[in-house]
Amino acid sequence: MDKKLINERAQAAPDVDGITGHRRMRRNRKAEWTRRLVRENHLSVDDLIWTIFLAPGSNVQEPIDAMPGVYRLSVDKAVEAARRAADLGIPALATFGNIEQDLRDETGSNILLAGNLINQATAAIKAAVPEIGVITDVALDPFTSHGHDGILRDGEIVNDETVAQISRAAVIQADAGSDIIAPSDMMDGRIGAIRRALDEAGHHNVGIMSYATKFASAYYGPYREAIGTAGLLKGDKRTYYIDPANAAEAVRDAALDVEEGADMLMVKPGLPYLDICRALKDAFGMPTFAYQVSGEYAMIKAAAANGWIDGERVMMESLLAFKRAGCDGILTYFALEAAEILNRRG
Ligand code: PBG
């Protein structure tokens, strides 16, 4: 380039120091050491709760179409998975069962069986890997013949009867060794009722992680395939889950759960609801978790499988986003993969 042209270009450049008053954001970004120094949020293995699916039988490891890398595990395999998770430093697991179809009925009565799939898995995991936390969901949907989270009568999901049933189920899950009860059904009054039931049964140390703000979301699709409710569900869950349009209502709903005695709050789904994570953390200062749900997992895996995104980097970035939004941790199907990467980084 000739000298004249270089001069003209230089003159054409705007007076950036004049514009910014000599402030340049890029100074702190110039090298890896300074980027590390100013980094505000970190993801660690301590932040991960691994969500796993259970299947009846033994030595079973069934793939789930829309969730490559995720399997339904029989109890023996779930125990092995728990061992691996604990060895990687993952603090807790959350279990979800694919209950045999002929055990499902109108009221989800199998949830009250001490020896059901969920409780068997809890007892086996706690016996073999006592150092890992076990979180169990008490919603009825894996147990009902209609796929709803509550008892269905004359086309209505009846609130109070459902609360009675899941409170009893919560005590049975705690008896089996569950450390934290996580009700995902969104019935009114469930947190207080479960707290009373647990305390009456002497389970003062069993915590409650409320699915405080659970939205009526389309992101749950692959989960319903995984636990066999996809073909069963009649209608939708909009009479009990929160409308995805509503943020103020979500905060109010969470406030009730806090008053009723929840120990921890959860936002679900995760990434599309980061504003809710931040709102809950700011409003209550409670331990706050996000559930990165099956559809979120499926989207990342599908795009990565097509070579359209760098799956590993998108996974880690998505998990970090929850920390930035104020979450203390994340329930995620990626937990094992992410923990391996975090441990490699040291
Ligand atoms: C229902 C329940 C759902 C999930 C966990 N428990 C939602 C539903 O089926 O309506 C979704 C989890 C996921 O998508 O990963 N109690």
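One-based numbering, in listed order, for ligands and for the atoms of each. Here the structure is a predicted model, which means the values were calculated and not measured.
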*asked:* Heavy-atom contact check, 4.0 Å cutoff: does Lys214 meet ligand 1?
replied: yes

_Any side-chain to backbone donor/acceptor pair from Arg72 onto Leu54? Under 3.5 Å, distance only._
no

_Only heavy atoms of Lys268, strictly under 4.0 Å: list the atoms of ligand 1 that pass._
2 (C), 3 (C), 4 (C), 5 (C), 6 (N), 7 (C), 11 (C), 12 (C)

*Shortest protein heavy-atom distance from atom 14 (O) of ligand 1, along with the residue and atom involved*: Ser294 OG, 2.7 Å

*Should you measure from each heavy atom of Tyr333, which atoms of ligand 1 turn up under 4.0 Å away?*
12 (C), 13 (C), 15 (O)

*Which is it for Asp137 and ligand 1 at heavy atoms under 4.0 Å: side chain, backbone, both or neither?*
side chain

*asked:* Need the ligand 1 atom indices (1-based, order shown) with element for anything under 4.0 Å from a heavy-atom of Asp141.
replied: 1 (C), 2 (C), 16 (N)

*Numbered atoms and elements of ligand 1 in range of Tyr241, under 4.0 angstrom, heavy atoms*: 1 (C), 7 (C), 8 (C), 10 (O), 16 (N)

*Salt bridge check: are Arg190 and Asp185 linked by an N-O gap of less than 4.0 Å?*
yes

*Could you list which atoms of ligand 1 come closer than 4.0 Å to a heavy atom of Ala139?*
16 (N)

*Measure from NZ or CZ of Lys214 to the centre of the six-membered ring of Tyr220, then state whether that distance is under 6.0 Å and the direction lies within 45° of the axis.*
yes

*Counting heavy atoms not belonging to Arg83, are there more than 12 under 6.0 Å from its CZ?*
yes

*Would you say Asp149 contacts ligand 1, with heavy atoms under 4.0 Å as the rule?*
yes

_Donor-acceptor check, side chain of Glu296 to backbone of Gly270, threshold 3.5 angstrom: yes or no?_
yes

*Any chance you could lay out the salt bridge (charged side-chain N to carboxylate O under 4.0 Å, His left out) test for Asp328 and Lys323, step after step, and finish with the verdict?*
CA-CA 6 Å; Asp328 297 280; Lys323 298 293 292 181; 5.7 Å; no

*Under 4.0 Å between a Lys/Arg side-chain N and an Asp/Glu carboxylate O for Glu80 and Lys77?*
yes

*Note the single closest protein heavy atom to atom 12 (C) of ligand 1, along with its residue, its atom name and the distance in Å.*
Tyr223 CD1, 3.3 Å

*Does Phe215 have any ring-ring contact (aromatic ring centres under 6.0 Å, His included) partners at least two apart in sequence or in another chain, and if so, which?*
Tyr273

*Non-hydrogen atoms of Tyr291 versus ligand 1: any pair closer than 4.0 Å?*
yes

*Hey, could you give me each pair passing salt bridge (Lys or Arg N to Asp or Glu O under 4.0 Å) that has a residue in residues 298-320? Not counting sequence neighbours.*
Lys301-Glu337

_Atom indices of ligand 1, in the order listed, that fall short of 4.0 Å to a heavy atom of Arg224_ = 8 (C), 9 (O), 10 (O)

_Interfacing atoms of ligand 1 (cut-off 4.0 Å, heavy-atom, Ser184)_ = 1 (C), 6 (N), 16 (N)

